[in-house]
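Remember, it's 1-based here, ligands and their atoms both numbered in the order they're listed. Numbering of residues begins at 1 and proceeds along the displayed sequence.
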Amino acid sequence: MVFSAEEIADRVRAMGREITEAYGPADDLLVLGLLKGSFIFLADLVRQIQLPLHVDFLVAGSYGNGTQSSGNVRLLYDPEANLKGRAVIVVEDIIDSGTTLARVLPLLEARGARSLEVCALLHKRLVVMEKEARWVGFDAPPEFLVGYGLDYSESFRHLPYIGSL
Ligand code: IMP
Ligand code: MG
């Protein structure tokens, strides 16, 4: 086990507090989850944010069914939500090569959000992002991790903890 359910819950609670303090009720917060990997993290995170907010999702596929990034990012679902003038937080499960965010953020930046920040549960710190995540749950070891939303070929997403494959 790499991160236990208890460790994750503690960290997510703290991140929710930090996000609550960083914004105000007038910010019209939009929490935009990158599917599918962020679904459990996002569900836990938004329940720790004590501000009015909306939730939407974005589907960007960069991985095939293996453990290596293909480098290709496809937008398979684009959010219905209007970003204009809003404070947007993109929620990612794990930053590995950073390719997904590097491709997705410029697309979102063109939509006139008031602010655009990234909240990632895990960061492997293999790359320095042009736009670094403002909130990171844990620095991750350079291993392939599964559980708490993260998959290997669609398996293991349901594990309540994060383990190494
Ligand atoms: P990146 O584009 O290389 O940063 O990878 C981003 C996506 O790849 C993440 O949102 C995950 O879905 C997937 N990914 C990267 N590393 C891992 C891992 O260790 N376990 C499971 N999925 C991963
Ligand atoms: Mg994945």
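For ligand 1, the atoms lying closer than 4.0 Å to a non-hydrogen atom of Thr100 are 1 (P), 2 (O), 5 (O), 6 (C). Applying the 4.0 Å criterion to heavy atoms of Glu92 picks out, from ligand 1, the atoms 6 (C), 10 (O). For ligand 1 and Gly98, the ligand atoms under 4.0 Å from any heavy atom of the residue are 1 (P), 3 (O), 4 (O). For ligand 1 and Glu143, the ligand atoms under 4.0 Å from any heavy atom of the residue are 19 (O). Set against the non-hydrogen atoms of Thr99, the atoms of ligand 1 under 4.0 Å away are 1 (P), 2 (O), 4 (O).
The closest approach between a heavy atom of Asp93 and any atom of ligand 1 is below 4.0 Å. In this structure, Ser97 has a heavy atom closer than 4.0 Å to ligand 1.
Residues forming a side chain to side chain donor-acceptor pair (under 3.5 Å) with Glu7 (at least two apart in sequence, or on another chain): Ser4.
The distance from atom CG of Leu30 to atom CG of Asp56, rounded to the nearest 0.5 Å, is 6.5 Å.
With no hydrogens or angles considered, a side-chain donor-acceptor pair links Ser97 and Thr99 at under 3.5 Å.
The part of Asp151 lying near ligand 1 is the backbone, judged by heavy-atom distances below 4.0 Å. Contacts between Leu150 and ligand 1 below 4.0 angstrom, taking non-hydrogen atoms only, involve the side chain exclusively. Of the heavy atoms in Lys124, only side-chain atoms (C-beta onward) come closer than 4.0 Å to ligand 1.
Considering each of Leu35, Ile94, Leu121, the one bringing a non-hydrogen atom nearest atom 23 (C) of ligand 1 is Ile94.
Side chains of Leu165 and Phe156 form a contact here, defined as non-hydrogen atoms less than 4.5 Å apart. When side chains are defined from C-beta on, Arg17 does not count as touching Ile19, because their heavy atoms never get closer than 4.5 Å. For the pair Val90/Glu117, no side-chain contact is recorded, criterion being any heavy-atom separation below 4.5 Å from C-beta on.
Of the N or O atoms in Ile95, none lie within a sub-3.5 Å distance of an N or O in ligand 1.
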Could you pull out every donor-acceptor pair under 3.5 Å between side chains of residues 135-146 and any protein atom, sequence neighbours left out?
unit_1, atom_1, unit_2, atom_2, d
Asp139, OD1, Arg125, NE, 2.8
Asp139, OD1, Arg125, NH2, 3.1
Glu143, OE1, Ser164, OG, 2.8

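With respect to Arg114 and Asp27, a salt bridge is recorded, a charged nitrogen being found less than 4.0 Å from a carboxylate O.
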